[in-house]
Asks: 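Take a look at the following structure, please.
Atom set for the values below is all heavy atoms of this structure, side chains included, hydrogens, waters and symmetry mates excluded. Just so you know, residue 1 is the first one in the sequence shown, and it goes up from there.
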Amino acid sequence: VDWRRHLHHFPELGCEVPKTAAFISSVLKDLGVAVKENVGGLGVVGLLEGSSPGKTVALRADIDAVSVPEETGVPYASKHPGVMHACGHDGHTAMLLGVAYILREMLDQIPGSIKLIFQPAEEGPGGARPMIADGVLENPKVDVIFGLHIGGLWDIPSGYIGVKKGPMMAGANRFVVNIHGKAGHAAMPHRTVDSICIASHVVSALQTIVSRNVNPLEPAVISIGSLRAGTGFNIVAENAEIKGTMRYFKEEVGQENRNRILRIASGIAESLGGNATVEFLPGYPPLINDDSVTAFFQRVVENLFGKDRVIEIIEPSLGADDMAYFLKEVPGTYFALGSVGKTEGVAYSHHHPKFNIDEDVLWMGSAALAAAAFEWLKENS
Ligand SMILES: [Zn+2]
Ligand SMILES: [Zn+2]
């Protein structure tokens, strides 16, 4: 709880997390854990080596905050204006430090190694990919990975663990469609190409992708969040810009939807005398849990906390998390720890200025991660 409150006091954004990284390193070093700093940017990696050789388990925590001005009124509220740990990553970081605290005294019973991955920039632009590119999953090579999210995601109540096989969170892509027409006087439309007219048709036609092309049993979302064009009452707009997001759980659905957005935008623009370009901004892939690792994890936490404390999540979240990149490389599972804090008696959602977590259950996250690593190495080394 002290670690969490310290981190909450000094939240940092994206890749720029120097104070957070320095704090993590110093706690790990005080606990006698070998530390590697500056992994894929300001990522920090702790390595706990067991007394006999074996496989390697990775445990991942994201460590970044959100650009939200804090309004909780707690004594340990953010000291950094406009930045707040409003997603609970301060709790993730503290819980993973807790794992180091627990396991460092059990190394004589552990075959293999445990890698503690402290990852920046989950809220964007993404810190998992640079850490993987910098070799975080090598030396020693990681065989399995676990991670968690706290708060109120998946509607898990405080003190309960949520597990799910298969798709857990969506793949997400942002896109920009730029439509080019020909400006002119609105009274003489025949001498113009009206980009607003084209954009309207494109927005309507994009609705047909999910309703007409995607298998109705397969979740997918395409939402337009912004449409900007034009300057006056009587001027035909030369350019229009559409911004949107798409979400999906299967890579082939994402790819097909990207193709269709491109074809619809350029086909409609061309048929109406203009042209369109589409840009897809890098997003996170779908987060897919490994079935057998998830079953193993469920068994571990049921033994630890009791069967009634573990909930099988039915519906995945359409939110996204770059834990997905680690799970693409190695099998593993991402789970939920219900940790619903209140401000003035109300439980606020993630990213809200009054969001808070329930500190009374932080020990459960440390215990679940430590037990998963310990039991997995004993069973598989
Ligand atoms: Zn978040
Ligand atoms: Zn988060």
Side-chain angles (χ1 to χ4, degrees), residues 40 58 60 62 117 119 121-134 136-138 142-149 153-154 162-177 205-225 242-267 277-295 297 313-336:
R60 174 268 199 179
D62 44 7
I117 299 177
Q119 179 221 300
E122 187 283 324
E123 300 285 357
R129 241 175 12 152
M131 287 191 84
I132 293 168
D134 203 11
V136 74
L137 297 176
E138 307 298 323
V142 171
D143 297 290
V144 69
I145 189 162
F146 300 91
L148 84 167
H149 210 300
L153 300 172
W154 299 278
V163 299
K164 187 177 184 312
K165 292 178 180 169
M168 177 86 167
M169 298 184 90
N173 244 163
R174 290 168 297 158
F175 60 88
V176 186
V177 182
L206 289 176
Q207 310 307 316
T208 65
I209 298 177
V210 173
S211 73
R212 303 292 83 190
N213 301 125
V214 177
N215 179 340
L217 296 176
E218 190 56 50
V221 174
I222 295 177
S223 287
I224 305 304
I242 300 166
K243 285 181 179 171
T245 181
M246 56 174 272
R247 306 276 161 133
Y248 56 96
F249 289 103
K250 283 196 185 138
E251 208 52 74
E252 56 270 30
V253 173
Q255 194 48 53
E256 177 63 16
N257 288 356
R258 281 188 283 269
N259 289 342
R260 293 220 175 245
I261 291 169
L262 202 63
R263 279 169 60 187
I264 284 174
S266 53
T277 57
V278 183
E279 185 190 359
F280 291 96
L281 304 169
Y284 297 157
L287 189 153
I288 314 290
N289 284 334
D290 181 86
D291 286 358
S292 68
V293 175
T294 306
F297 178 75
I313 294 168
I314 308 296
E315 288 179 354
S317 159
L318 269 295
D321 192 306
D322 67 350
M323 174 74 179
Y325 285 110
F326 292 117
L327 290 167
K328 273 182 92 163
E329 300 296 321
V330 287
T333 201
Y334 197 53
F335 62 96

Asks: Taking atom CD of E138 as the centre, does the number of heavy atoms from other residues, nucleotides or ligands within less than 6.0 Å exceed 12?
Replies: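 Atom CD in E138 is crowded, with more than 12 foreign heavy atoms closer than 6.0 Å.
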Asks: CG of L262 to CD of E279: how many Å apart, nearest 0.5 Å?
Replies: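 L262 CG to E279 CD: 12.0 Å, rounded to 0.5 Å.
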Asks: Salt bridge or not between D134 and R129? Use side-chain N to carboxylate O under 4.0 Å.
Replies: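 Result for this pair is no, no salt bridge flagged.
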Asks: Is the shortest side-chain heavy-atom distance between I222 and I261 below 4.5 Å?
Replies: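 Result yes, sub-4.5 Å side-chain heavy-atom pair found.
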Asks: How many angstroms lie between CG in L137 and CD1 in I132, if you round to the nearest 0.5 Å?
Replies: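 Between L137 CG and I132 CD1, I get 5.0 Å after rounding to 0.5 Å.
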Asks: How far apart are the closest heavy atoms of A170 and A320, and which atoms are they?
Replies: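 Closest pair (atom of A170, atom of A320, distance): O-CB, 3.5 Å.
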Asks: With salt bridge (Lys or Arg N to Asp or Glu O under 4.0 Å) as the test, would you mind laying out the steps for D322 and R60 before giving the verdict?
Replies: CA-CA 11 Å; D322 67 350; R60 174 268 199 179; 2.9 Å; yes
Asks: On a heavy-atom basis, which atom in A58 and which in V142 lie closest, and how many Å separate them?
Replies: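 So the two residues come closest at CB-CG1, 3.5 Å.
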Asks: Just how far is it from atom CE of M323 to atom CD of E122, taken to the nearest 0.5 Å?
Replies: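 Going from CE on M323 over to CD on E122, the span is 11.0 Å.
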Asks: In the structure I gave you, are the side-chain heavy atoms of M168 and P316 within less than 4.5 Å of one another anywhere?
Replies: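 Counting from C-beta outward, M168 and P316 never come under 4.5 Å.
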Asks: Starting at CD of E329, measure out to CD1 of I145 and round the result to the nearest 0.5 Å.
Replies: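 With rounding to 0.5 Å, CD (E329) is 10.0 Å from CD1 (I145).
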Asks: Look at the rings of Y325 and Y284 and say which category their plane angle falls in: under 30° parallel, 30 to 60° tilted, over 60° perpendicular.
Replies: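 Plane angle over 60°, so perpendicular.
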Asks: Where do I224 and L206 land on the side-chain contact (heavy atoms from CB on, under 4.5 Å) test, with the steps shown first?
Replies: CA-CA 9 Å; I224 305 304; L206 289 176; 3.7 Å; yes
Asks: So, applying side-chain hydrogen bond (donor to acceptor under 3.5 Å, both in side chains) with K250, which one of E218, E256, Q255 is it?
Replies: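 The side-chain hydrogen bond (donor to acceptor under 3.5 Å, both in side chains) with K250 is passed solely by E218 among E218, E256, Q255.
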Asks: If you compare all heavy atoms of V210 against all heavy atoms of A220, which two are closest, and at what distance to 0.1 Å?
Replies: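 That closest heavy-atom pairing would be CG1-O, 3.7 Å.
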Asks: Any idea which heavy atoms bring P285 and E251 closest together, and the distance?
Replies: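 Smallest heavy-atom distance, with atoms named: CB-OE1, 4.0 Å.
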Asks: How long is the gap from CZ on F335 to NE2 on H149, to the nearest 0.5 Å?
Replies: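 These two atoms lie 12.0 Å from each other.
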Asks: Can you confirm whether the side chains of Y334 and D321 place a donor and an acceptor under 3.5 Å from each other?
Replies: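 Result is yes, a qualifying pair exists.
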Asks: Determine whether I313 and V163 satisfy the following criterion, side-chain contact (heavy atoms from CB on, under 4.5 Å), listing intermediate values before the conclusion.
Replies: CA-CA 6 Å; I313 294 168; V163 299; over 6 Å; no
Asks: Is there a donor-acceptor contact under 3.5 Å from the side chain of R247 to the main chain of L318?
Replies: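 Yes.
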Asks: Quick one: closest heavy-atom pair of M246 and R258, and the distance?
Replies: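 Closest heavy-atom pair between M246 and R258: SD-CG, 4.0 Å.
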Asks: Any sub-3.5 Å donor-acceptor pair from N289's side-chain atoms to T294's backbone N or O?
Replies: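 Side chain of N289 to backbone of T294, a donor-acceptor pair under 3.5 Å: no, none is there.
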Asks: Under the criterion side-chain contact (heavy atoms from CB on, under 4.5 Å), I'd like the reasoning laid out for I288 against L327: C-alpha separation, chi angles, the key distance, then a yes or no.
Replies: CA-CA 7 Å; I288 314 290; L327 290 167; 6.0 Å; no
Asks: Mind telling me whether F146 and F297 have parallel, tilted or perpendicular rings, with 30° and 60° as the class edges?
Replies: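 If you compare the ring of F297 with that of F146, the planes turn out tilted.
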Asks: Just wondering, do V176 and I242 contact through their side chains at under 4.5 Å, heavy atoms?
Replies: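 Answer no - side chains too far apart.
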Asks: Evaluate the side-chain proximity of W154 to E315: yes if any heavy-atom separation is below 4.5 Å, no if none is.
Replies: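 Of all side-chain heavy-atom pairs linking W154 with E315, none is under 4.5 Å.
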Asks: How long is the gap from OG1 on T245 to CZ on R174, to the nearest 0.5 Å?
Replies: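 Rounded to the nearest 0.5 Å, the OG1-CZ separation comes to 8.0 Å.
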Asks: Evaluate I209 against I264 for side-chain contact (heavy atoms from CB on, under 4.5 Å), listing each step before the verdict.
Replies: CA-CA 9 Å; I209 298 177; I264 284 174; 3.6 Å; yes
